[in-house]
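Working notes for the structure below.
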4 protein chains.
Amino acid sequence: MARRVDPERHEARRLQIIGAGLTVLAERGYEGATTAAICREAGIGSGTFFHYFATKTELVLAILELGTAETVEKAAALEGRTDPLGVLLDLLGSWADDAADPRIPGFVRAVAGVMHLPTVAAALAADDRAQRDLLLPWIERGQATGEVRTDLPPARIASWLALLSGGFLERVSVDDAFTVDTERDLLVATARVFLLGHGSAADATTGTRR
Amino acid sequence: MARRVDPERHEARRLQIIGAGLTVLAERGYEGATTAAICREAGIGSGTFFHYFATKTELVLAILELGTAETVEKAAALEGRTDPLGVLLDLLGSWADDAADPRIPGFVRAVAGVMHLPTVAAALAADDRAQRDLLLPWIERGQATGEVRTDLPPARIASWLALLSGGFLERVSVDDAFTVDTERDLLVATARVFLLGHGSAADATTGTRR
Amino acid sequence: MARRVDPERHEARRLQIIGAGLTVLAERGYEGATTAAICREAGIGSGTFFHYFATKTELVLAILELGTAETVEKAAALEGRTDPLGVLLDLLGSWADDAADPRIPGFVRAVAGVMHLPTVAAALAADDRAQRDLLLPWIERGQATGEVRTDLPPARIASWLALLSGGFLERVSVDDAFTVDTERDLLVATARVFLLGHGSAADATTGTRR
Amino acid sequence: MARRVDPERHEARRLQIIGAGLTVLAERGYEGATTAAICREAGIGSGTFFHYFATKTELVLAILELGTAETVEKAAALEGRTDPLGVLLDLLGSWADDAADPRIPGFVRAVAGVMHLPTVAAALAADDRAQRDLLLPWIERGQATGEVRTDLPPARIASWLALLSGGFLERVSVDDAFTVDTERDLLVATARVFLLGHGSAADATTGTRR
DNA sequence: CATGAATGAGCATTCATTCAT
DNA sequence: TATGAATGAATGCTCATTCAT
């Protein structure tokens, strides 16, 4: 009765469930995504699910961690690049491309709905941190080479790039006329203008009343 | 003969429940916000809740509609202004200020989590439409006077202002270092640069690989 | 601040509620007949209902008592008759006619559904008793004059007349093809045959296996 | 690989719940029979109930369908009989015997109370139809052989047999002195007289005033 | 008396999770 | 390891009833 644990098979199954979870969570939100629905989508029995994830929340965390891991991988792939501005714009572009998978914005919304769960908040914070850790060195290098505006600290610039990327994702998911195809280039262009700091600081507040 | 029409009392109660709902939904998300918790917060019995809202979802819709109504009111208050760019930046600024009430971003996240409910999606779409209807005439006037870039159709510019506003809201709710106080002015400044169209179009795609 | 109790007005209101209750109970059954629905039908406020009946059940009891009272009145109207068989058949006929008001069988069904409530069971028993009290003397007289079979005690005959009347009511309410108009005469004819005792006793059990 | 198909176990459980439902419904009526009470009676958890029946109403329908099925089985068991009258009286007798299980009349009352639910009405109609389908061929054969009166169409005779059977059931459940044991034979005898048509038609309406 | 807003006990039903096989 | 039957805590919602006006 030897039962090889066969870690490959295990990992494959795990990814299969993660894919099903992503699909169902995106479609129906956290509460709408019953474990039963996820299992059906994954083609497994309800008991099997809990062999791989102790709770439904843990599945969500696993998906988030997968995203974080991808961010880290992205960092490695950029080793050797010498054009900080280009790198930053490439990153923005690649995040825009992520939004083309319709499950991504749906999943992001689903997660937003359970951000009050401490574990989810923590995973989201970790994801955010990974994104910043990826951006910061390139921002700093860009500022050093003069390609990136220096009137704002790197951390703040990172936040604003995240703002653009997050806002873009939301638009795609909410606004039918706003698609990755048609708007991606404008995202990159807008980010470039922001990073260059054109027309910035000095007269920033003119013409607006609080 | 009883005199109980008192629509004032009714409206007051209704707003009291809406306030409690806003608080609890922001804190705990849609599912975490049990009707029991909302009633406790509002200081009413569970039955009373359903005198005012037939459904928990209907409370959410009422809150959203309140927001839509505020947008419409804002439009009226702008009558007579002759500086389209100033108006647009004021609007951005006022949306940024909305984010200062910590319940707003929390509520927005909660709603995102149930956007798969058709009624919620519809209300959100109506809200979006009201926002665009508010922006579009000013964008068009700004283009006519030359204050606003003309390389993009008005509808697209409206989407991008919504992107900035939405991204801002998300950042505030996710990133502790990103506060309305410190970032509001930069939002307005960034929007101005975007609306002016500095450094746009021509070289937009340079330096980014898809 | 003189408030004349005006017992007439009170009684009228009471009957109005009873009528509404009869209608709604017949249509929707006991549980489906919410007090709110009855009040709407009666055109009164929900509070008013409880000025006339302490509980919903009490309304049901009041309706049943009304029926019992009618039975008693019927008894009085028969004073002076000298044809026991004719009286009995007239009674059967008049009960059949009651079933022509479509609310009656519906109400009977509704009451059957809450017969497990002791108060309802008691009222129903009282109704049954009134019916028997009405029948028994005429059965006895009929047996004395030889018009009615004597092989069964009067109480049993009364039960069987109730059986015919109850079964008739049920058929009318369940079977679209079975109407008071078409079946009333056959009911009376069948009851007559039963009361006369044609073909009875001796060979009753032949040809049937238990 | 799990082996849990075990449809036998499933069916057994199902019947166990049906039995408990029959008991509790008969005792307390539809509304009084809370799912909690039924589960307690059946010795199962509340969740288990809904593995077997999607709805409390569906349990009622299942019980009714069981009855309909029994009627159909009865039909099969009569194949080969050549005495139509005997068959009809046997059927009446067997329905009387059903009433000996005290849960049957109680259940019938409970169902009467929710006949306004369309699904219940439909199931009841199906039951009625099955009963008629069982009776009709034997009535027709009886008329052909001259054993059964021919002054009434078969469908009407079927209705009247149902009237007798339904009235009997009601009496048993309402009248303590009316028991299956003491009245069964009289039911059969009365049905026989009715089927033979003794003393019928011609003078049917004499002596009764409408 | 008449009213209808307020109440909260009570109920059907859902669903994440467990566990025997 | 895979399964799905069993579980019961938790929740949204209903409705008879009360009571201040």
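Everything numeric in this text was worked out from a predicted model, so none of it was measured. Here is the naming used below: chain letters follow the sequence lines, and residue numbers restart at 1 for every chain. For the numbers below, each heavy atom of this structure counts, side chains included, while hydrogens, waters and symmetry mates do not.
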Item to check | Rounded distance (Å) that lies between atom C1' of E:dA16 and atom CG of A:L117 | outcome: 14 Å
Checklist entry - Mapping D:G43 and B:K56 to their closest nucleotides on DNA chain F, which lands nearer the 5' end? => result D:G43
Item to check | Pairwise 5' ranking along DNA chain F for C:F50 and D:F49, keeping only the more 5' one | outcome: D:F49
Checklist entry - Distance under 6.0 Å and angle within 45° of the ring axis: does A:K56 meet both against A:Y30? => result yes
Next on the checklist: With a 3.5 Å cut-off and heavy atoms only, can you find an N or O donor on one side and an acceptor on the other between the side chain of B:H51 and the base of E:dA5?
Outcome noted: no
Checklist entry - For F:dT21, which nucleotide in any strand shown is its Watson-Crick or wobble partner with both distances under 3.5 Å? => result E:dA2
Item to check | Whole-Å gap separating P (F:dG12) and CD (B:E58) | outcome: 15 Å
Checklist entry - Taking for each residue the nucleotide of DNA chain E with the nearest heavy atom, is it A:A36 or B:I44 whose nucleotide lies nearer the 5' end? => result B:I44
Item to check | Short side-chain N/O contact from D:Y52 to OP1 or OP2 of F:dA6, under 4.0 Å | outcome: yes
Next on the checklist: Without decimals, in angstroms, what is the distance between B:F53 CZ and E:dA5 P?
Outcome noted: 14 Å
Checklist entry - Are A:T55 and E:dA16 close enough that a side-chain N or O sits under 4.0 Å from OP1 or OP2? => result no
Next on the checklist: Strictly by Watson-Crick or wobble contacts shorter than 3.5 Å, is anything paired with E:dA12, and which nucleotide is it?
Outcome noted: F:dT11
Item to check | Residue closer to the 5' end of DNA chain E, B:S46 versus D:T34 (nearest nucleotide) | outcome: B:S46
Item to check | Value in whole Å for how far the C1' atom of F:dT1 lies from CZ of A:R13 | outcome: 9 Å
Next on the checklist: Can you measure D:H10 atom NE2 to F:dA6 atom C1' for me and round it to whole angstrom units?
Outcome noted: 12 Å
Checklist entry - Just by distance, do the side chain of C:E58 and the backbone of C:A54 share a donor-acceptor pair under 3.5 Å? => result yes
Item to check | Nucleotide E:dC15, atom P - distance to CZ of A:R28 in whole Å | outcome: 10 Å
Item to check | Spatial distance of atom CG (D:D127) from atom CG (D:L61) [nearest 0.5 Å] | outcome: 11.5 Å
Item to check | Separation of F:dG4 C1' from A:I38 CD1 (nearest whole Å) | outcome: 17 Å
Checklist entry - Taking CD from B:Q16 and P from E:dA5, how many angstroms apart are they, rounded to a whole number? => result 15 Å
Next on the checklist: Walk me through whether A:R13 and A:I44 qualify under side-chain contact (heavy atoms from CB on, under 4.5 Å).
Outcome noted: CA-CA 9 Å; A:R13 198 73 134 163; A:I44 60 171; 3.9 Å; yes
Checklist entry - Is a side-chain N or O of A:Q16 found less than 3.5 angstrom from the main chain of A:A42, in a donor-acceptor match? => result yes
Checklist entry - Are any of C:T35's side-chain N or O atoms less than 4.0 Å away from OP1 or OP2 of F:dC15? => result no
